[in-house]
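Since the structure comes first, as structure tokens, the remarks are kept for the end.
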Amino acid sequence: MKITGYEDLRVQRTINSIYQSFEELVCEKDYAKITVTELAKRAQINKKTFYRYYETLDDLLAELQARYAEGYLKEIEDYQYPQDLEKSVAAFFEYSTKQGEAFDRITTSTNYTGIRQQMVNQVMSKTWGQSSAFNRLNDWEKKVLLEFIQQTGLTIYQEWIREGRQQPLDNLISEAQTLMRGGVDNYLKSK
């Protein structure tokens with residue numbers, strides 16, 4: 001349930017408690033092992049209250065991912081593609097580092113591949129989908145380009161997290177920008 005700000009204060013507290021408890025559980029265990037019973041107990045609500053707002057844990061996870069996507073899209077809403085690729089790459093890494101451990105688990109774990117892909121598709125559609133250079137490509141070429149961009153950024157971020165964030169963030173951003181800019185420019189020129 002997306003909070004609009006017009007809900008009763010008790011409803012807002014309940015939803016926030018569900019979110020907080022869910023993020024804690026995501027950090028502690030594999031998604032497949034999280035249960036509604038455990039989540040409700042941690043959020044100090046009963047299961048019926050959970051089901052009043054969400055049909056399944058998958059719905060809660062999808063809403064959490066949508067929140068992450070919305071936040072990132074706000075950061076890049078005025079960017080033009082491919083011109084602002086470097087700014088977008090920097091924004092992705094900077095935004096991601098501010099989201100916390102639950103975001104990192106969802107972003108780096110294979111347990112969340114499907115839901116993560118939904119978020120990526122939403123972001124790519126609202127960014128590259130608006131690009132005239134991108135829209136001149138055929139469907140196969142679009143798919144290849146988006147896959148390259150997505151996998152390059154995601155793989156670099158995942159590896160950085162796995163290695164305990166040892167590299168300075170600025171280095172990480174610079175490497176990703178160089179790889180993506182070179183690949184995207186060369187690909188678009190070849191078309």
Side-chain angles (χ1 to χ4, degrees), residues 19-34 39 56-77 79 81-82 84-129 131 134 137 140-188:
Y19 262 83
Q20 180 180 351
S21 298
F22 185 63
E23 286 182 326
E24 289 170 3
L25 287 168
V26 163
C27 294
E28 294 170 14
K29 56 175 50 182
D30 287 339
Y31 178 66
K33 294 181 180 179
I34 298 172
L39 175 63
T56 65
L57 284 173
D58 289 346
D59 293 332
L60 174 57
L61 178 60
E63 187 173 301
L64 180 62
Q65 277 291 86
R67 267 183 158 183
Y68 291 143
E70 274 179 34
Y72 175 62
L73 286 168
K74 265 188 189 162
E75 300 261 332
I76 62 170
E77 67 188 345
Y79 293 176
Y81 293 84
D84 292 329
L85 178 62
E86 284 90 348
K87 289 172 27 181
S88 179
V89 169
F92 166 73
F93 287 106
E94 290 164 354
Y95 177 80
S96 297
T97 60
K98 296 175 191 169
Q99 299 313 303
E101 187 180 352
F103 176 89
D104 287 346
R105 292 277 305 231
I106 292 168
T107 303
T108 61
S109 172
T110 57
N111 295 328
Y112 300 97
T113 302
I115 196 71
R116 181 176 55 239
Q117 191 59 50
Q118 289 175 18
M119 180 184 80
V120 169
N121 292 346
Q122 178 187 1
V123 169
M124 292 300 189
S125 165
K126 291 192 177 192
T127 57
W128 283 92
S131 166
F134 177 77
L137 301 174
W140 170 254
E141 294 166 339
K142 288 176 183 177
K143 185 176 180 176
V144 168
L145 180 63
L146 291 182
E147 189 69 20
F148 168 75
I149 294 165
Q150 167 192 327
Q151 289 304 318
T152 302
L154 189 59
T155 301
I156 291 170
Y157 187 74
Q158 288 171 333
E159 196 57 36
W160 187 60
I161 296 299
R162 278 189 207 105
E163 290 189 1
R165 300 178 185 221
Q166 292 179 18
Q167 295 295 317
L169 182 60
D170 289 343
N171 290 2
L172 185 77
I173 291 170
S174 178
E175 290 172 10
Q177 289 170 328
T178 300
L179 284 169
M180 285 192 216
R181 174 52 69 197
V184 168
D185 284 350
N186 287 327
Y187 191 74
L188 290 175

[X] side chain to [Y] main-chain N or O, any donor-acceptor pair under 3.5 Å?
| X | Y | answer |
| --- | --- | --- |
| T178 | S174 | yes |
| Q158 | T107 | yes |
| Q177 | E86 | yes |

Could you measure the distance from the [atom1] atom of [X] to the [atom2] atom of [Y]? Nearest 0.5 Å is fine.
| X | Y | atom1 | atom2 | result |
| --- | --- | --- | --- | --- |
| S131 | L188 | OG | CG | 7.5 Å |
| Q65 | L61 | CD | CG | 6.0 Å |
| I156 | F93 | CD1 | CZ | 5.0 Å |
| K87 | I76 | NZ | CD1 | 11.0 Å |
| R105 | E23 | CZ | CD | 12.5 Å |
| L64 | I106 | CG | CD1 | 4.5 Å |

For this session: For the residue pair Y68 and F103, categorise the inter-ring angle as parallel (less than 30°), tilted (30 to 60°) or perpendicular (more than 60°).
Result: perpendicular

Exercise. How are the rings of Y72 and Y95 set relative to one another: parallel (under 30°), tilted (30 to 60°) or perpendicular (over 60°)?
Worked result: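 Tilted.
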
Please name the pair of heavy atoms, one in [X] and one in [Y], separated by the smallest distance, quoted to 0.1 Å.
| X | Y | result |
| --- | --- | --- |
| Y157 | S96 | OH-O, 3.4 Å |
| W128 | P82 | CH2-CB, 3.4 Å |
| V89 | A176 | CG1-CB, 3.7 Å |
| L137 | K142 | O-CE, 3.2 Å |
| M180 | I149 | CE-O, 3.7 Å |
| V184 | L85 | CG2-CD2, 3.9 Å |

For this session: Give a yes-or-no answer on whether the side chains of E141 and Y187 include a donor-acceptor pair shorter than 3.5 Å.
Result: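 Short answer, no.
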
Problem set entry | Residues E159 and R162 bridged, charged N to O under 4.0 Å | yes

Exercise. Does the separation of the ring centres of Y81 and F134 fall below 6.0 angstrom?
Worked result: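 When the ring centroids of Y81 and F134 are compared, they turn out to be at least 6.0 Å apart.
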
Taking the side chain as every heavy atom from C-beta outward, state whether [X] and [Y] have any pair of such atoms under 4.5 Å apart.
| X | Y | result |
| --- | --- | --- |
| E94 | I173 | yes |
| E63 | Y19 | yes |
| V123 | F92 | no |
| T97 | W160 | yes |

